[in-house]
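See structure below.
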Amino acid sequence: LGTVLANDEVVNGVSERGGHPVEKKKMRQWYLRITAYADRLLQGLDTVDFSDAMKEMQKNWIGKSEGCEMQFAVDSGQEAVGNGKLAVGSGQWAVSGSNIVVYTTRPDTIFGVDFLVLAPEHALVANITTEAQKQAVADYLTYVKSRSDRERQAEVKQITGCFTGAYAINPFNGKPIPVWIAEYVLAGYGTGAIMAVPCGDQRDFAFAKHFNIPITNIIGAHYNGEEANPTKDAILENSDFLNGKLMKDAIAIAINKIEELGIGKRKVNYRMRDAGFSRQRYWGEPFPIVWCDGIAVPLSENDLPLELPYAEKYSPGPNGEGPLGNMEQWLQTPEGRRETSTMPGYAGSSWYFLRYMDPNNTETFCDRKASDYWGQVDVYVGGTEHAVGHLLYSRMWTKVLYDLGYIGFEEPFKKLVNQGMIQGSSRFVYLVKYSFNQSRTKIIDTLTEYQVFISNDKYNKLVAEDSFTFTDKDESAKLVKALASLIPEFKEDDFTEDDINNSGYATYRLPVDVQLVDGFELQTEEFKKWKNGAYANAIFIREEDGRFLCDWEVEKMSKSKYNTVNPDELCDKYGADTFRMYEMFLGPVEQSKPWDTKGIEGVHRFLKKLWRLFYSTHTTPGGETKAVWNNEKPTDAQYKILHKTIKKIEQDTANFSYNTAVAAFMISVNELTDAKCHSKEILSQLLILLSPYAPHIAEELWAALGCEGSILDAAYPTLEEKYLVEASKEYPVSINGKMRSSITLATEVTEEDAKQAALSNENITKWLEGKEVKKFIFVKGRMINIVV
RNA sequence: GCCCCGGUGGUGAAAUUGGUAGACACGCAGGACUUAAAAUCCUGUUGGCAGCAAUGUCAGUAACGGUUCAACUCCGUUCCGGGGCACCA
């Protein structure tokens with residue numbers, strides 16, 4: 001493809017599009033130094049109204065840890081080491097030639113260090129590897145290069161590593177410590193090197209067991225030899241000057257000692273890395289940078305803004321550069337060559353809300369007066385998927401602008417509401433891919449032009465039965481057999497031994513456009529026309545009943561998954577009010593769920609029922625609908641319905657609990673219908689409540705009632721509690737925690753009176769069976785529980 | 001693998017945040033109106049058992065265990081689903 005790919009564009013080590021090989025390559029990039037704001041981003045969380053989960057995610061992402069860096073001298077000579085102490089520590093604190101610097105949060109475990117592990121990319125690896133281990137290390141590095149960071153961390157069960165042959169010296173007791181490299185240590189975090197303490201860290205433990213590295217126990221009985229124990233509450237043993245100390249306390253003692261000896265220093269570390277800020281793409285703000293003799297020189301302010309040049313085509317530039325790399329005319333300036341990367345999406349999304357405050361200003365992005373007036377965004381609605389991207393970037397960006405004095409607030413969003421995602425229900429088809437290397441027969445030649453798709457149930461059945469394993473060459477014969485029985489085009493006899501031995505198989509799970517699928521059944525003819533006939537020659541291995549079924553998964557809607565749905569059709573059929581209310585009725589805003597239109601009828605019926613409070617369903621002989629609303633004085637019971645609704649809607653709206661608010665509207669309309677209430681006084685108030693939920697119909701009916709102006713300008717109804725007071729309340733009564741009966745009591749009943757009433761009630765005493773009442777629990781306004 | 005969130009009827013969900021589990025809807029079943037359809041209305045709808053019935057009774061909020069007078073709600077373990085893991089934004 002000749003372009004840079006994102007992690008999510010790489011699947012199984014090849015590009016998601018086209019299945020091309022992917023190569024890892026070092027490239028010079030622009031970065032935003034978000035790490036400089038790490039601490040303030042952490043502290044700022046206390047000043048904003050975000051969910052605890054959101055704050056937790058950002059905290060973990062920033063990943064502040066306190067510990068120390070310390071150095072280990074390395075002896076990579078072949079001669080025996082470890083006799084006598086090395087005079088490290090006398091030297092100044094500096095990273096000399098082949099000292100390994102590790103970062104640790106647990107310096108108290110220094111005497112339990114049984115090996116060091118370097119990231120395979122660590123600069124020292126080449127220097128310290130011994131002659132004997134050179135080949136093994138080289139082989140291991142080749143392996144690691146083929147692995148993504150994700151794979152390296154995810155597949156921890158598969159323990160890999162390689163001994164460098166070198167030994168480091170424990171600065172406190174002179175003990176030689178073998179130095180390994182392993183993929184679970186990442187170059188980008190800390191110093192890219194760790195000290196491994198198997199008795200205290202499970203990953204280190206597994207590594208030591210796997211490679212038979214002897215384990216030193218420094219925590220006595222806290223370590224059982226079966227698994228590591230990451231406690232900080234053990235008393236240290238085998239630990240020289242730390243013996244007898246509680247681990248928690250020993251951390252500070254160890255750091256002091258390390259600093260005293262000059263072999264390390266206290267260090268706060270952040271897991272967060274600087275944010276990559278350049279993209280090898282066309283669509284993005286171009287960097288106002290010209291390279292002069294290898295130095296990046298910014299354009300003068302007069303030359304801003306630098307706009308994207310017109311592009312004839314968008315193909316990647318040379319050497320992984322973006323499309324701008326092809327535009328020689330634009331690139332060349334008298335001073336030098338322009339930067340060819342563009343900025344990422346978040347260059348704009350981090351601060352667009354400020355521009356909204358002053359959109360027509362030609363002098364500055366937003367006048368200070370405007371931002372002072374509007375201030376922070378009061379409520380920001382966004383999903384948790386932005387937790388460690390956009391929502392962190394814009395927080396940082398705001399702090400930068402604040403520091404520069406351009407705005408007067410440090411946090412962009414006062415309150416954050418995490419709406420859930422309406423997910424897509426994706427459909428997949430299984431493509432059986434096979435390749436024949438040699439001696440292709442005629443049939444095979446033909447078949448390579450086809451794509452064979454296998455229906456989901458059939459696929460699962462064959463996999464379960466182990467009829468063939470697509471990735472295993474030994475199973476090729478079985479596959480041929482299976483295919484031959486399934487596809488008329490295949491004839492088992494046409495395959496020679498040689499074909500079978502030289503063929504490889506795999507299945508690919510391809511996302512297919514949900515528009516081409518009816519339920520789970522693929523419309524195969526439509527599918528053949530999809531993507532301009534890319535699958536025009538597809539062969540389908542169907543179910544016995546002739547259907548071709550798709551696999552499915554609920555996931556985020558995305559164009560690349562072809563699982564997006566278009567609401568226009570529903571909007572046309574039911575109108576925007578129904579659509580809007582249905583989305584609200586679907587469930588809590590913060591909850592994610594797959595898009596499903598099953599219940600939309602209910603909301604539509606509700607709006608029609610609302611309409612019938614105003615208009616008769618019968619038309620006059622002249623064809624007009626007859627208004628049924630009136631100017632009658634409402635009854636107290638009708639006022640009660642209204643004010644109950646006012647209370648509920650007020651609460652629910654404030655809590656973003658839209659689904660229950662819609663339910664309350666339904667209850668209200670049902671009750672008003674039952675009460676035959678068509679009073680303008682009640683209905684007009686109800687419409688005001690409804691107007692944010694179903695604005696069109698509310699405005700329409702408002703006008704129909706003959707009310708003045710727009711409903712948007714109408715005063716919000718005020719709650720009058722007097723209509724809601726109840727004289728009595730039915731208390732549920734449970735005996736020993738089990739619901740048994742109920743009793744009606746006055747609202748202002750005292751516990752004593754309640755007890756008396758309850759214990760003299762026949763329905764209740766029959767459950768007591770004359771047993772002694774041990775405890776009488778009375779929760780006012782709630783319930784009664786009697787314990788016997 | 002790691003971090004965060006979630007799991008309640010056939011379905012979407014509700015439960016005043018520890019106090020009557022299933023509000024409100026969808027769907028389904030039966031009925032009314034209609035020549036018929038649409039629309040509308042009525043009744044039923046967590047499961048088991050008993051009963052002609054009203055009803056009674058036991059169980060039940062992913063699974064198991066714990067705390068409590070009382071657990072969908074709090075704690076622990078496990079399983080499953082979703083989001084994120086640094087170039088989708």
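Sequence lines set the chain letters: A, B, ... in the order given, protein chains first and strands last, and positions in each chain run from 1.
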Between the base of B/rC87 and the side chain of A/Gln29, is there any donor-acceptor pair under 3.5 Å? yes
Dot-bracket for RNA chain B: what is it, with Watson-Crick or G-U pairs under 3.5 Å, [ ] where a pair crosses earlier ones, and | for a pair to another strand? (((((((..(((......[....)))((((((.......))))))(((((....)))))..(((((..]....))))))))))))....
Between A/Arg271 (CZ) and B/rC4 (P), how many Å, whole number? 11 Å
Taking the same atom, C1', in B/rG82 and in B/rG27, what whole-Å distance lies between them? 26 Å
Could you check how far CD1 of A/Ile735 sits from C1' of B/rU20, rounded to whole Å? 13 Å
Contacts of A/Thr645 that satisfy side-chain hydrogen bond (donor to acceptor under 3.5 Å, both in side chains) - sequence neighbours left out: A/Ser668
Short side-chain N/O contact from A/Asn659 to OP1 or OP2 of B/rA14, under 4.0 Å: yes
With a 4.0 Å cutoff (strictly under), does any side-chain N or O of A/Arg279 reach OP1 or OP2 of B/rC87? yes
Which part of the nucleic acid does A/Leu5 contact within heavy-atom distance under 4.0 Å: base, sugar-phosphate only, or nothing? sugar-phosphate
Show every salt bridge (Lys or Arg N to Asp or Glu O under 4.0 Å) that has at least one partner inside residues 652-663 of chain A, sequence neighbours left out. A/Lys648-A/Asp652
With ring centroids as reference points, do A/Phe585 and A/Phe606 lie under 6.0 angstrom apart? no
Specify the residue among A/Met666 and A/Lys608 whose closest nucleotide of RNA chain B lies further upstream toward the 5′ end. A/Met666
Would you confirm whether the ring centroid of A/Trp552 sits within less than 6.0 angstrom of the ring centroid of A/Phe520? yes
Just to be sure I understand the rule, does A/Lys738 reach a base, reach only the sugar-phosphate, or reach nothing, if contact means heavy atoms closer than 4.0 Å? sugar-phosphate
For this output row, return yes or no: ring centroids of A/Tyr184 and A/Phe207 closer than 6.0 angstrom. yes
For A/Tyr346, which residues count as a ring pair (Phe, Tyr, Trp, His ring centres under 6.0 Å) partner, sequence neighbours excluded? A/Phe277, A/Tyr393
What is the nucleic acid contact for A/Met54, judged by heavy atoms within less than 4.0 Å: base, sugar-phosphate only, or nothing? nothing
Any idea if B/rG10 is syn or anti, going by the 90°-from-0 cut? anti
Assign A/Thr660 to base, sugar-phosphate, or nothing according to its heavy-atom contacts below 4.0 angstrom with the strands shown. sugar-phosphate
Excluding sequence neighbours, so at least two apart, what forms ring pair (Phe, Tyr, Trp, His ring centres under 6.0 Å) with A/His643? A/Tyr723
Look at all strands and tell whether A/Val554 reaches a base, only sugar-phosphate, or nothing, counting heavy atoms closer than 4.0 Å. sugar-phosphate
Using atom C1' in both nucleotides, what's the gap between B/rG31 and B/rG51 to the nearest angstrom? 25 Å
Using whole Å, report how far CG of A/Asp52 lies from C1' of B/rU17. 14 Å
Can you check the A/Glu553 CD to B/rG81 C1' distance for me, whole Å? 10 Å
side-chain N/O A/Asn670 vs B/rA25 OP1/OP2, d < 4.0 Å: yes
How many whole angstroms separate atom CD of A/Glu671 from atom P of B/rA23? 15 Å
When we call it a touch if two heavy atoms are under 4.0 Å apart, what does A/Phe776 touch: a base, just sugar-phosphate, or nothing? nothing
Looking only at the side chains, is there a donor atom on one of A/Ser65 and A/Tyr103 sitting less than 3.5 Å from an acceptor on the other? yes
Once you apply a heavy-atom cut-off of 4.0 Å, does A/Gln651 come out as touching a base, just sugar-phosphate, or nothing? nothing
If you look at every strand shown and take non-hydrogen atoms under 4.0 Å, does A/Glu385 touch a base, only sugar-phosphate, or nothing? base
Mind checking if A/Ser278 touches a base, just sugar-phosphate, or nothing, with heavy atoms under 4.0 Å? base
Taking only the side-chain nitrogens and oxygens of A/Gln591, find out if one of them lies under 4.0 Å from OP1 or OP2 of B/rA13. yes
Applying ring-ring contact (aromatic ring centres under 6.0 Å, His included) between A/Phe413 and each of A/Phe353, A/Trp351, A/Trp397, report the one that passes. A/Phe353
Determine, using ring centers only, whether A/Phe665 and A/Tyr693 are less than 6.0 Å apart. yes
Can you see if the side chain of A/Arg605 gets near the phosphate of B/rC26 - specifically, an N or O under 4.0 Å from OP1 or OP2? yes
Could you tell me whether B/rU17 is syn or anti, where syn means a glycosidic angle within 90 degrees of zero? syn
I need the CZ-P distance between A/Arg33 and B/rA86, as an integer number of Å. 22 Å
Using a 4.0 Å heavy-atom cut-off across all strands, classify A/Gly389 as base, sugar-phosphate, or nothing. nothing
Does one side chain, of A/Glu553 or A/Gln423, offer a donor that lies under 3.5 Å from an acceptor on the other? no
Would one find a side-chain N or O of A/Arg281 under 4.0 angstrom from OP1 or OP2 of B/rA89? no
Mind calculating the distance between NZ (A/Lys598) and P (B/rC26) to the nearest angstrom? 13 Å
With a 4.0 Å cut-off on heavy atoms, is A/Val388 in touch with a base, just the backbone sugar-phosphate, or nothing at all? sugar-phosphate
Which value, in whole Å, describes the distance between the C1' atoms of nucleotides B/rG60 and B/rG7? 16 Å
Encode nucleotides 67-80 of chain B as B, S and - characters from 5' to 3', where the letter depends on protein heavy atoms closer than 4.0 Å: B to the base, S only to sugar-phosphate, - to neither. --BS----------
